[in-house]
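Here is the structure we will look at.
Order of the sequence lines sets the chain letters (A, B, ...), proteins ahead of strands, with each chain counted from 1. For the numbers below, each heavy atom of this structure counts, side chains included, while hydrogens, waters and symmetry mates do not.
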2 protein chains.
Amino acid sequence: MDRIGDLSLFLRVLDLGSISAAARSLDLSVAVASQRLKRLERELGVRLLHRTTRQLHATPEGMQLAEQGRALVEDLESLTGGLRQSATEVSGTLRVTMSAAFGSQYVSPLLPEFLGLHPRVKLSVNLDDQIVDLVGSGFDLGIRVGEMGDSSLVARRLASNRRVLCASPAYLQTHGLPRTPADLARHDCLLLVGSQGRQDVWHFTDRKGRDIAQRVQGRFESNQGALLRDAVVAGLGIAMHSLWHVHEQLRSGRLQLLLPDYPIHATGIYAVMPQRRLVPPRVRAFIDFLAGRFGDHPPWEC
Amino acid sequence: MDRIGDLSLFLRVLDLGSISAAARSLDLSVAVASQRLKRLERELGVRLLHRTTRQLHATPEGMQLAEQGRALVEDLESLTGGLRQSATEVSGTLRVTMSAAFGSQYVSPLLPEFLGLHPRVKLSVNLDDQIVDLVGSGFDLGIRVGEMGDSSLVARRLASNRRVLCASPAYLQTHGLPRTPADLARHDCLLLVGSQGRQDVWHFTDRKGRDIAQRVQGRFESNQGALLRDAVVAGLGIAMHSLWHVHEQLRSGRLQLLLPDYPIHATGIYAVMPQRRLVPPRVRAFIDFLAGRFGDHPPWEC
DNA sequence: CATGACTATCAATTATTTGTTGAAAATGAT
DNA sequence: ATCATTTTCAACAAATAATTGATAGTCATG
């Protein structure tokens, strides 16, 4: 066996559970992937995959090769990556998944420029807030808003993510202006329902830096930030939003900032990627590009 | 970097100290080796070898790649070797070095048959008793007579190597027949001078299995077994010889066996090879071939 | 149960890479 | 200085890989 790429392909096939998906993710035609797997099996003289058109599973030999081979491929990548002084060409298909609202609002306008900068990259953009398993879905990169909990991924902070409490002037005229977090208990609060459940405890910081937790409730909730924003603009209640998300509305006066003296713990906007030793140049280029655009003065900060 | 073969080539180049030698040893044309090294350097973006036409040495990066890469290549070989169920074709150039006397006398007549058995192998035979550094000299295989001390090599015993004490009838008529090892102190003994120095202490076993060491001396010594044999046939003294070496002379009566009641510790005839995980099929085939010819009834045993 | 959407493989063509050969340039030894 | 080696280069031939379009198998769906 000479080609380590065949081994990489095999590993990718196992990760994605499909020859077609692996081929796409490596910018190969499906036929090539198929015949290279066959070559690998022929050279080893062993059947690695039991395959039907609809499902794959590894033979015992395949399992063994996968287990031991993965370490090998990673070692080789780290070895060559350590030596290689300058990255190679920025090319291939960049597969990125991003938070829907943030992506369409702030990333999308930048994409033409990025494509112009790197003529040999193709982009495949997935807008979705749910996808967690980057490697299992074959993405190079995810762009996520909020806390980074997952440890199997490496994250790079692209920008800070200040969150604010806001409501429409109409709502405030009717219901009054809250002065402290405790006041929120008597207001209609609009809640985001995430994958971890309803987020009905809001955290603030008082003047002395102490954490204040306030349970809130209301008559409207959604898993879509955009719906929440429409609701708060319509005067349905008070919402906690990322600054970038309501930046426009605050500037135009359709929304109003609340409790400015009780700042909310800031999180970040992150680029996350599978923990690989060797980051493809196109991924690095994209992250650097975004970081350069957002870094010091994101468009949503005053 | 995709081709692990390029890395292997690079390692071989470092072992042999020459691109040409490495190319020969891998059955490649020199030009291919050259351009594959260049490809490796281009892909890594790093210069690995400082080369003039006359000498090579690795750059720091080259050293690093060699150190870490060698383990990698070996891991890959053992992994694939462990999976691979049947060996591949017996082909390529088999480079073997062997003890001169034994090689010309017993191996040489078998070579045509071996070549006939495997049409796609070429043979490169080196007759020399000195070469120790197999891997450094680019040999696949060595055939050695005697004790195997070197631990960096793996050895397979091809046949036993009984040694005997002998002298010509004419010498014995003049000097008398020794009855015990101690008698040898009063005889002319012909000594082999090896790379470890003059071998002037001979070891025997008495009837109870105890070791008897006897220092001997004489007026003739050589590093060439053949000269020693000629000398003992000419009646110059008593010599200790491998049985295969004097088998003919003993049968024809030109030499006579001495001290048959004090056998000498038997050693062996060994195939030794560099400690690689994966033995090329041509090497295995050759060893099996020789073992089959010598194994149970070597031609020099009665 | 048939249809449709995918999937893997096959066969034929095209493109790319790899290997060979012979010549040239460079180097150290005689 | 010449000679024998060594590495590299350049042009060509051979082998290999990738693409395309076609075929057959499989599962979910209506």
Residue mapping more 5' on DNA chain C - nearest nucleotide basis, V32(B) or V30(A): V30(A)
Parallel, tilted or perpendicular: rings of F114(A) and F289(A) (30°, 60°): tilted
L56(B) CG - dT8(D) C1' separation (whole Å): 13 Å
Under 3.5 Å donor-acceptor pair, Q35(A) side-chain atoms to dA18(D) base atoms: yes
Protein-nucleotide distance (R42(A), atom CZ; dC10(C), atom P), rounded to Å: 12 Å
Nearest-Å distance for atom pair CG/C1', residues L9(A) and dA17(D): 14 Å
Phosphate OP1/OP2 of dT6(D) contacted by S18(B) side-chain N/O (<4.0 Å): no
Pairwise side-chain contact, D288(A) with R284(A), heavy-atom cut-off 4.5 Å (strictly under): yes
Phosphate OP1/OP2 of dT21(C): any S29(B) side-chain N/O under 4.0 Å: no
Contact under 4.0 Å: K38(A) side-chain N or O vs dA8(C) OP1/OP2: no
Atom pair distance, as rounded to whole Å: CZ in R47(B) and P in dT8(D): 8 Å
Distance in angstrom units between L49(A) CG and dA8(C) C1', rounded: 12 Å
Between dT21(C) (P) and L28(B) (CG): distance, integer Å: 12 Å
Residue-phosphate contact under 4.0 Å: R39(B) side-chain N/O, dT18(C) OP1/OP2: yes
N or O in side chain of R36(B) less than 4.0 angstrom from dG19(C) OP1/OP2: yes
Whole-Å distance separating the CG atom of L40(A) from the C1' atom of dA8(C): 17 Å
Student check: side-chain heavy atoms of V121(A) and T93(A) closer than 4.5 Å: no
5'-most by nearest nucleotide on DNA chain D - A31(A) or Q55(A): A31(A)
base_contact_polar (dT6(D) base, R54(B) side chain, donor-acceptor, <3.5 Å): no
side-chain contact (heavy atoms from CB on, under 4.5 Å) partner of L65(B), the single match among L44(B), L14(B), L72(B), L11(B): L44(B)
Below 4.0 Å: OP1/OP2 of dA8(C) and any side-chain N or O of S34(A): no
Protein-nucleotide distance (D6(A), atom CG; dT16(D), atom C1'), rounded to Å: 12 Å
Distance below 4.0 Å between T52(A) side-chain N/O and dG25(D) OP1 or OP2: no
